[in-house]
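Every number for a ligand or one of its atoms is a count from 1 in the order of the listing. Quick note: numbers below take in every heavy atom, side chains included, and nothing from hydrogens, waters or symmetry partners.
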Amino acid sequence: MIKIKSREEIELMRESALIVSKTLGEVAKAIKPGVSTLELDKIAETFIRDHGAEPGFLGLYDFPNTLCMSPNEQIVHGIPNKDPLREGDIISVDCGALKNGFYGDHAYTFAVGEIDPETEKLLKVTKESLYMGIRQFRVGNRVGDVGHAIQQYTESHGYGVVRELVGHGIGREMHEDPEMPNYGRRGKGKKFVEGMVVAIEPMINLGTHRIKQFPDGWTIKTADMKPSAHFEHDVAIVDGKPELLSTFKYVYQALGIVSDEEDEFRAGS
Ligand code: MG
Ligand code: MG
């Protein structure tokens with residue numbers, strides 16, 4: 001069942017999303033060759049708790065950490081460890097927080113130092129596909145419209161769209177209805193209505209869409225061991241249109257990036 005949010009609930013969700021956004025900014029500041037994903041995990045946990053929230057993933061389905069840290073060929077759900085990141089790696093950082101009874105959940109894939117142009121393009125196209133999906137999240141459209149937009153764009157670059165993992169509604173539960181696949185057919189699936197809040201999160205592989213699961217029961221990697229990218233935003237439908245609750249602003253501040261990509265999804269735009 002899809003749980004529609006009131007304006008007041010959406011404002012609370014914006015607070016939760018903002019904590020995750022700022023946490024990703026803190027992580028962004030610390031990402032460099034030599035740092036371990038476990039060190040980054042501690043930075044995130046401390047930041048979230050210092051801001052009156054709880055880590056959203058820690059203990060959820062028994063996940064052991066605050067961040068999902070998925071380097072290179074890992075797609076999602078990687079467990080932080082003591083291995084140092086190396087120059088040329090990419091690292092997908094997925095973060096959740098719980099505040100006032102509502103979850104925030106979003107993700108960004110970072111380059112560690114200089115990365116090869118092929119992987120850099122994968123990151124760029126995956127993030128662009130996220131916004132193409134978000135653009136379709138409006139009253140009158142359907143779940144398939146979002147997935148179709150993401151799939152068409154990323155497959156046009158020869159990339160693989162992960163099928164087994166999908167975006168989702170979000171609210172008092174981390175994962176609510178509806179499921180939001182990153183593939184689909186136009187005009188198919190559940191219809192969007194005012195007050196829906198979802199996490200849209202393309203997981204896009206440089207090569208095959210096929211996946212493998214690690215024996216740890218969590219980590220998902222690409223079947224061909226080529227890199228995978230993951231970007232995620234929390235989005236509400238307000239006045240019929242998509243409005244971002246999360247922001248990459250703090251990541252961009254940390255990385256010195258100037259971007260207007262979120263402007264069209266702000267209130268009043
Ligand atoms: Mg996530
Ligand atoms: Mg999610």
What N/O/S atom of Glu232 is the closest to the Mg ion (ligand 2)?
OE2

Between Phe137 and His233, is the ring centre distance below 6.0 Å?
no

With a cut-off of 2.8 Å, does Asp105 put an N/O/S atom close enough to the Mg ion (ligand 1)?
yes

Quick check: does His168 have an N/O/S atom under 2.8 Å of the Mg ion (ligand 2)?
yes

CD1 on Ile90 to CG on Leu85, rounded to 0.5 Å:
11.0 Å

For Tyr61 and His77, test the side chains for any donor-to-acceptor distance below 3.5 angstrom and give the result as yes or no.
no

Minimum-distance N/O/S atom that Glu201 presents toward the Mg ion (ligand 2)
OE2

Yes or no on side chain to side chain donor-acceptor pair (under 3.5 Å) for Glu262 and Tyr252, after CA distance, side-chain angles and deciding distance?
CA-CA 12 Å; Glu262 297 179 357; Tyr252 293 158; 5.7 Å; no

Out of the N/O/S atoms in Asp94, what is the name of the one closest to the Mg ion (ligand 1)?
OD1

When rounded to the nearest 0.5 angstrom, what is the spacing between CD in Gln136 and OH in Tyr131?
16.0 Å

